[in-house]
Protein chains: 2
Amino acid sequence: MRPPTLNLDEYLPYLVNRVGVALALRFGKDALARYGLSIEMWRVLVVLSNNGGQRQVDLGGLTSIDASTLSRMVTRLSRLGLVGRRRSATDNREVEVALTAKGRAALRRLVPTARRFEAVAAAGISRAELADLKRALRLMYRNLALPQG
Amino acid sequence: MRPPTLNLDEYLPYLVNRVGVALALRFGKDALARYGLSIEMWRVLVVLSNNGGQRQVDLGGLTSIDASTLSRMVTRLSRLGLVGRRRSATDNREVEVALTAKGRAALRRLVPTARRFEAVAAAGISRAELADLKRALRLMYRNLALPQG
DNA sequence: TTACAATAGTTGCACGTGCATTAAACTCGG
DNA sequence: CCGAGTTTAATGCACGTGCAACTATTGTAA
């Protein structure tokens with residue numbers, strides 16, 4: 001009556017999650033902690049840098065962060081001086097969030113570090129393999145995000 | 001003075017983490033929630049199923065879960081009747097954790113579901129590509145886990 | 001214009017987590 | 001045999017998170 005065993009070292013979800021957690025942990029502790037930032041905060045900053053100022057709802061959609069969590073996170077980021085909040089001129093419900101000069105400066109310092117972490121993680125993987133890997137990961141995400149399982 | 005942009009759709013750590021989170025979310029909400037389990041709890045059960053009864057310290061090492069968190073988690077799992085706790089006969093500090101019959105039964109039901117989720121995630125990826133993908137992920141983990149960065 | 005619905009954001013609350021501390025049991029050198 | 005140091009587990013505490021409820025503003029249909 002033993003349960004069917006599941007070899008974790010061959011189980012794809014585990015392998016993916018494990019690397020994801022390790023990645024977040026390393027980058028979070030070695031680089032972001034000095035700035036008082038979490039990975040989620042870092043992701044918000046990157047999205048703001050790439051896509052420009054955003055309403056909080058849209059920011060939540062782009063980062064998959066809950067609206068209430070994001071509200072408090074933006075408060076913290078604002079307190080750190082990295083982002084600014086201002087109510088929309090056209091719709092008084094909306095809050096527009098944008099990077100400050102200090103936020104952009106923080107990104108200028110962090111992005112190269114992030115790239116180094118990527119290089120460390122990908123050491124020993126060829127360019128071609130890396131391209132395949134990324135393609136597979138994007139496919140997997142689409143497989144999971146779609147409303148059918 | 002714009003910060004150097006980081007294209008998230010080509011940034012490996014983001015791609016990996018995103019899939020890892022999606023995987024955990026889907027499996028957690030669609031399957032584990034019915035049993036009152038979290039992914040971390042599920043992982044503990046799988047490790048117990050594969051490696052047999054373990055001391056809490058070793059369980060923490062195998063699952064990368066903090067000792068204090070694990071202590072409380074085992075309390076919850078024990079309350080659910082899925083694992084049993086008993087003090088070691090040889091060392092009175094140690095607590096041995098092992099699956100109960102109910103725990104093994106839960107695994108028998110969950111493992112096939114987990115395999116289905118893996119199949120959904122990996123849809124459209126060939127056997128050869130899948131093998132490469134797993135190999136790359138194991139390598140990445142070693143790159144990150146090793147004490148040099 | 002006036003109700004009713006939808007949307008954006010914030011806050012109350014319960015919960016799980018990690019860190020630091022504590023308690024108990026064991027190890028080992030003197 | 002004794003005492004310092006180590007190991008294992010449990011607990012106090014602060015914090016971030018998600019869900020649900022709530023407020024404020026805007027959209028819409030009669």
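Below, chain A is the first sequence line, B the second, and so on; all start at residue 1.
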Taking for Lys29(B) and for Arg85(B) the nucleotide of DNA chain D with the nearest heavy atom, the one nearer the 5' end belongs to Arg85(B)
The contact string for nucleotides 11-17 of chain C, one letter per nucleotide 5' to 3', using protein heavy atoms under 4.0 Å with B, S and - for base, sugar-phosphate only and none, comes out as BBB--SB
Arg87(B) atom CZ is separated from dT8(D) atom C1', nearest whole Å, by 8 Å
Taken to the nearest whole Å, CG/Asp91(A) to P/dA6(C) is 17 Å
To the nearest angstrom, the CG-C1' distance between Asp58(B) and dT8(D) comes to 10 Å
Which atom pairs, one a donor and one an acceptor, fall under 3.5 Å between side chains of residues 58-65 of chain A and the rest of the protein, sequence neighbours left out?
{"from": "Asp58(A)", "atom 1": "OD1", "to": "Arg55(A)", "atom 2": "NH2", "distance (Å)": "3.1"}
{"from": "Asp58(A)", "atom 1": "OD2", "to": "Arg55(A)", "atom 2": "NE", "distance (Å)": "2.9"}
{"from": "Asp58(A)", "atom 1": "OD2", "to": "Arg55(A)", "atom 2": "NH2", "distance (Å)": "3.4"}
{"from": "Thr63(A)", "atom 1": "OG1", "to": "Leu59(A)", "atom 2": "O", "distance (Å)": "2.7"}

**Prompt:** So with a 6.0 Å cut-off around CZ of Arg34(B), is the heavy-atom count from everything else above 12?
**Reply:** no
By ring pair (Phe, Tyr, Trp, His ring centres under 6.0 Å), Tyr11(A) pairs with (sequence neighbours left out) none
From CD of Glu96(A) across to P of dT25(D) the rounded distance in Å is 17 Å
Separation of dA9(D) atom C1' from Asn92(B) atom CG, nearest Å, is 12 Å
Gln56(B) CD to dT11(D) C1', in whole Å, measures 13 Å
Contacts of Gln56(A) meeting side chain to side chain donor-acceptor pair (under 3.5 Å) (sequence neighbours excluded), chain-then-number -> Arg85(A)
Between CZ of Arg55(B) and P of dT8(D) the distance, given in whole Å, is 5 Å
Suppose we call a contact any N or O donor and acceptor under 3.5 Å apart; does that hold for the side chain of Arg93(A) and the base of dT25(D)? yes
Here the distance between atom P of dT26(D) and atom CD of Glu94(A), to the nearest Å, is 9 Å
Residues 66-73 of chain B side chain polar contacts: donor-acceptor under 3.5 Å, at least two apart:
{"from": "Asp66(B)", "atom 1": "OD2", "to": "Ser68(B)", "atom 2": "N", "distance (Å)": "3.0"}
{"from": "Asp66(B)", "atom 1": "OD2", "to": "Ser68(B)", "atom 2": "OG", "distance (Å)": "2.5"}

Residues passing the ring pair (Phe, Tyr, Trp, His ring centres under 6.0 Å) test with Phe117(B), sequence neighbours excluded, are Phe27(B)
